[in-house]
Amino acid sequence: MSETKAGKGAGRTPDRVRTKRGPKAGPKAAAPKSSASRTGGTPKNGATGRGNASSLPQREASDGLAAGMPKTARGAATRRAILEAAERVIGRQGFNEASIGSITREAGVAQGTFYIYFASKDEVFSELVAEMGRMLRHAISEATSGYADRLAAEREGLRAFLGFVSAHPELYRIVQEAQFVDPAAYLAYFRTFADGYRVGLERAAGKGAIRPGDAEVRAWALMGIARSLGEFQVVFGGQTPLDAMVEVAHDLIENGLKARDGEDGAGR
């Protein structure tokens, strides 16, 4: 038996040598063992979908983006498509009912593309409110730039405002909803308008084009007229032609409610 055991022991010697060599070969075999690195690695996360957030900055860098702002014509067009789709979807459905999926479907882009340009639906909403302000101020400025007379400029500014609202009803609804969804954007929207309006009225009063008065109160009162008529159009579905609304409202602004001398107020 001892010889048999010795023989068996002698026969196992190569196996023992290989066993001892095992740890030396261990690092090579342990290469796949780097599960810790796989948990944060791109291939593993890419397969599971968990790597989307971490890979986003890489996509932004490759597209030349900084804080979601595109630096290429293609990126700008994609971002614009998402904004315009958000205007239609949120304007029709309201902020709470609109989803990012419905916005990207409307825009014709993948849902992941949304996050290249915007962090959330809230960010898109705030951008739309700010854009409404920029676009509207530009439209009014263009419409009134050729009028030296302040009252004529008031009339054409109101016409431009109501024309813009008629062309962008969804955007107007978004601004109205901002009072509850994004109060800061809502306040900034109206305060920016009021500040510019006040400066214009002060300048006109200084030149003697209009009577002196509290320019800030006047600015908010005139803005209230325009806003209410816009709501009459968009929210309440008013059927009064735009030019007729402008003439009635401008007569109120220019002449007030007081009857003119020798004018019979019956029927008015």
Side-chain angles (χ1 to χ4, degrees), residues 66-69 79-80 82-100 103 114 117-145 150 153-154 156-205 210 213-236 238 245-246 249 252-253:
M69 294 304 295
R79 189 177 191 274
R80 166 53 48 190
I82 293 172
L83 269 176
E84 290 177 351
E87 175 185 335
R88 294 189 294 271
V89 173
I90 298 176
R92 290 193 301 258
Q93 300 179 9
F95 179 80
N96 290 330
E97 294 300 320
S99 67
I100 290 175
I103 291 171
F114 177 94
Y117 303 98
F118 302 99
S120 64
K121 186 174 68 171
D122 300 73
E123 184 179 343
V124 170
F125 186 90
S126 299
E127 174 66 18
L128 287 172
V129 174
E131 181 168 90
M132 167 81 171
R134 290 191 298 267
M135 292 171 62
L136 185 51
R137 288 192 298 273
H138 177 74
I140 293 174
S141 177
E142 288 288 306
T144 60
S145 60
R150 178 68 198 192
E154 287 290 335
E156 297 311 312
L158 179 59
R159 195 187 312 276
F161 173 83
L162 294 176
F164 184 93
V165 167
S166 295
H168 301 85
E170 290 90 0
L171 203 51
Y172 186 76
R173 292 190 189 99
I174 287 171
V175 172
Q176 298 298 87
E177 193 177 12
Q179 182 177 2
F180 309 101
V181 175
D182 191 345
Y186 181 83
L187 293 175
Y189 173 90
F190 282 103
R191 281 174 175 160
T192 301
F193 262 105
D195 288 345
Y197 218 148
R198 173 183 52 77
V199 170
L201 292 172
E202 287 173 343
R203 187 179 298 119
I210 59 175
D214 189 318
E216 184 172 19
V217 172
R218 284 177 168 181
W220 284 97
L222 291 168
M223 285 166 54
I225 291 174
R227 178 188 173 188
S228 295
L229 289 176
E231 192 169 337
F232 173 63
Q233 278 184 290
V234 173
V235 179
F236 292 91
M245 277 198 297
V246 170
L252 176 63
I253 293 169

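Along the sequence shown, the residues carry numbers beginning at 1.
- Summarising the geometry of L201 relative to R150, their closest heavy-atom pair is CD2-NH2, 3.8 Å, with the distance given to 0.1 Å.
- Shortest non-hydrogen contact noted between F125 and I174 is CZ-O, 3.4 Å.
- Under a 3.5 Å cut-off, the side chain of E97 and the backbone N or O of Q93 do not form any donor-acceptor pair.
- The shortest non-hydrogen separation linking F161 to A226 is CE2-O, 3.0 Å.
- Taking 4.5 Å as the limit, some side-chain heavy atom of R218 sits within range of a side-chain heavy atom of I210.
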* Apply the test side chain to side chain contact (heavy atoms under 4.5 Å, CB included) to residues I82 and R79: give CA-CA distance (whole Å), side-chain angles for both, the deciding distance (0.1 Å), then the verdict. => CA-CA 5 Å; I82 293 172; R79 189 177 191 274; 5.7 Å; no
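- Within a 6.0 Å sphere centred on CD of E216, heavy atoms belonging to other residues, nucleotides or ligands number 12 at most.
- Separating the CG atom in L158 from the OG1 atom in T144 is a distance of 12.0 Å, to the nearest 0.5 Å.
- In this structure, Y189 and V129 approach most closely via the heavy-atom pair CD1-O, 3.7 Å.
- Between the CZ atom of R173 and the CD atom of E87 there is a distance of 10.5 Å, given to the nearest 0.5 Å.
- Distance check, rounded to the nearest 0.5 Å: CG of L162 to CE of M245 gives 5.0 Å.
- Side-chain contact between F193 and L136 is present, with heavy atoms from C-beta onward closer than 4.5 Å.
- Here CZ of F190 is found 7.0 Å from CH2 of W220. Values are rounded to the nearest 0.5 Å.
- Using a distance-only test at 3.5 Å, with no hydrogens or angles considered, no donor-acceptor pair links the side chain of Q233 to the main chain of V165.
- In this structure, CG on L128 lies 6.0 Å from CD1 on I90, to the nearest 0.5 angstrom.
- Sorted by first and then second residue, the side-chain hydrogen bond (donor to acceptor under 3.5 Å, both in side chains) pairs with a member in residues 133-142 read E127-R134; sequence neighbours excluded.
- Looking at every heavy atom in both residues, A143 comes nearest to A160 through CB-CB, 3.6 Å.
- In this structure, F118 has its ring center closer than 6.0 angstrom to the ring center of F114.
- Between the CD atom of E84 and the CD1 atom of I103 there is a distance of 13.0 Å, given to the nearest 0.5 Å.
- A side-chain contact (heavy atoms from CB on, under 4.5 Å) with K121 is found for exactly one of N96, I100, V89, namely I100.
- Residues satisfying the side chain to side chain donor-acceptor pair (under 3.5 Å) test with R227, not counting sequence neighbours, are Y186.
- Residue V124 comes nearest to A86 through the heavy atom pair CG1-CB, 3.3 Å, listed as atom of the first residue, atom of the second, then distance.
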